[in-house]
Amino acid sequence: MKRFLILALALVLVLSMFGCSFLRKKAEEVLEPALTDVFGEKEEPTAEPEPDPTAEPEPEPTAEPEPEPELDEGWKTAELEKETTETGVEMIKIHVKIPAGATLRIVFPYQDDYTYTNDSDVYLDHKVKTSIEAFLPEEPLTEGETLTVTPQLTITTADGTEHAIECPSFTYTAPEAFGPKNLIGMWTLTTAYVEGMTVKASDLGVEAYFDFLEDGKNVHCRSHSADGSDEYTMAYEVSGYTITLHDRVSDEYATYDPETDRIKLESDGVVMYLERVSDDEPVAPATEAPVAGEPETLVGTWVLTKGVVAGIEVSVSQLGFDMSFVFNEDGTAAMIYQGETTDGLNWVQDGNVVKLSAYSIDLYDFQLKGSTLTLHETTNNVDLIFEKK
């Protein structure tokens, strides 16, 4: 019985398989034409060809390099602007674009060239400001001469190519030579540089004015401090920017600075600066100019009343000593220093110059002006001022 059941079950399976196969075949016969009408012919898959082991491998495709961006042609042209400082100095301002990695060079006729490299990776707006004199030839121009100047600029790009940069020209006319006419007017002492320190004249309690007169030959000087006032006129000369002041006893030398419009006077290690007095600035009232003394006024006793050190008045107590001279009618003289009297001196006078000697040896030269007798002590560059007792 058991064997019978197994055989029956196997028969059922065979019939089922046959039936399914039959049904599938019949379905394909019926459905395939309909599906073909809708979707078209059914493509049979094709086998991929096997690679040929002896064939050379195809190279990997390489990406085409992106084209470099074109440089902005605007960098090949510079802009130029002229300007004048408050002190009257003419300046040139050049504005130029510098590409990334490029170097700008400005050629000067007789100075070192200016160079600047743009180390960034973008364009750089660069401005260069310099004195107009940097573009002028080394040989000075004559007064009133006109010259047209075209600054020479080049830019060397990162690839090493040098490009000439177009720059506008400018016209320069040589100014009138500096001379006395440029000094005419009132100047005042503003600051002094003493032992490494800059000190205002007002802090020193000193007022000093220098009035360069219209004649272009003389300067009227007057000063005032707690120790008194002084006023006199002296001649001066100008050579270039150097001013020679023929002081009462010796010459002093000053220098005019066109960039700052100041006069620099240096004496015995002290540097003094004079500046112009503006029209609306108050000026200390002038006193009457001293009148030159007559020869006979010298006879008598003259006492030291003050000193002038590097243009600054100091008192006798600040000098640290007292001194006087006695001039006799017979041409003899005596010096009294710190209470000690020295006789046996002789004096002679030539106009306003008084020469003091001993045993035919010249000792001192005095300058006699008005009511003052000035002795210039060259060792310490000090003027000693004496007045008649």
Side-chain angles (χ1 to χ4, degrees), residues 178-192 200-202 204-257 261-268 270-294 297 305-314 351-354 365-376 381-388:
F178 180 81
K181 60 183 178 296
N182 303 102
L183 295 174
I184 292 174
M186 188 71 71
W187 298 70
T188 184
L189 173 66
T190 55
T191 55
K200 292 182 179 179
S202 56
L204 294 172
V206 176
E207 291 181 354
Y209 293 93
F210 298 79
D211 186 7
F212 288 86
L213 304 179
E214 293 283 346
D215 63 6
K217 297 178 180 180
N218 295 284
V219 55
H220 186 67
C221 311
R222 62 179 184 270
S223 60
H224 177 76
S225 68
D227 297 316
S229 301
D230 190 19
E231 189 168 355
Y232 59 95
T233 300
M234 60 180 171
Y236 76 94
E237 296 175 325
V238 177
S239 176
Y241 290 127
T242 300
I243 307 165
T244 303
L245 302 167
H246 300 295
D247 207 344
R248 287 173 286 191
V249 176
S250 63
D251 290 344
E252 298 285 350
Y253 299 95
T255 304
Y256 173 76
D257 185 352
D261 193 31
R262 296 195 303 179
I263 295 175
K264 176 183 175 183
L265 176 61
E266 187 170 359
S267 179
D268 194 29
V270 178
V271 179
M272 293 168 287
Y273 293 97
L274 311 180
E275 297 183 13
R276 295 182 191 271
V277 177
S278 60
D279 294 337
D280 55 353
E281 185 176 344
V283 178
T287 60
E288 291 185 4
V291 179
E294 297 296 330
T297 61
T305 57
K306 60 185 175 181
V308 178
V309 181
I312 300 174
E313 290 187 5
V314 295
N352 289 334
V353 177
V354 179
D365 284 351
F366 295 84
Q367 186 79 18
L368 179 62
K369 278 198 174 182
S371 60
T372 62
L373 187 66
T374 302
L375 169 63
H376 182 70
N381 198 19
V382 176
D383 286 340
L384 302 178
I385 312 298
F386 296 82
E387 294 183 7
K388 198 171 184 180

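The shown structure was predicted, so the numbers you read here are calculated from the model rather than taken from an experiment.
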Do [X] and [Y] come close enough that some side-chain heavy atom pair is under 4.5 Å?
{"X": "Val353", "Y": "Gln367", "answer": "yes"}
{"X": "Met234", "Y": "Leu245", "answer": "yes"}
{"X": "Asp211", "Y": "Tyr209", "answer": "no"}

Nearest non-hydrogen partners of [X] and [Y], listed with the distance:
{"X": "Leu265", "Y": "Tyr253", "value": "CD1-O, 3.4 Å"}
{"X": "Met186", "Y": "Arg222", "value": "CE-NH2, 3.9 Å"}
{"X": "Gly216", "Y": "Pro180", "value": "O-CB, 3.4 Å"}
{"X": "Cys221", "Y": "Phe210", "value": "SG-CD2, 3.6 Å"}
{"X": "Leu189", "Y": "Thr191", "value": "CD1-O, 3.6 Å"}
{"X": "Ala192", "Y": "Val270", "value": "CB-CG1, 4.5 Å"}

Nearest 0.5 Å, please: how far is [atom2] in [Y] from [atom1] in [X]?
{"X": "Ile263", "Y": "Tyr241", "atom1": "CD1", "atom2": "OH", "answer": "13.0 Å"}
{"X": "Lys306", "Y": "Thr372", "atom1": "NZ", "atom2": "OG1", "answer": "8.0 Å"}
{"X": "Asp383", "Y": "Leu375", "atom1": "CG", "atom2": "CG", "answer": "8.5 Å"}
{"X": "His246", "Y": "Glu252", "atom1": "NE2", "atom2": "CD", "answer": "12.0 Å"}
{"X": "Arg262", "Y": "Thr255", "atom1": "CZ", "atom2": "OG1", "answer": "12.5 Å"}

Check the angle between the aromatic planes of Phe212 and Tyr236 and answer parallel, tilted or perpendicular using the 30° and 60° thresholds. perpendicular
*Measure from the side-chain N and O atoms of Ser223 to the backbone N and O of Val206, and report whether any donor-acceptor pair falls under 3.5 Å.*
no
key: Expected output: side-chain Thr190 to main-chain Tyr273 donor-acceptor under 3.5 Å   = yes
Q) How about Lys181: does its NZ atom have over 12 heavy atoms from other parts shown lying under 6.0 Å from it? A) yes
State whether Asp261 and Arg276 are salt-bridged, where the test is any N-O pair (Lys NZ or Arg NE/NH1/NH2 against Asp/Glu carboxylate O) under 4.0 Å. yes
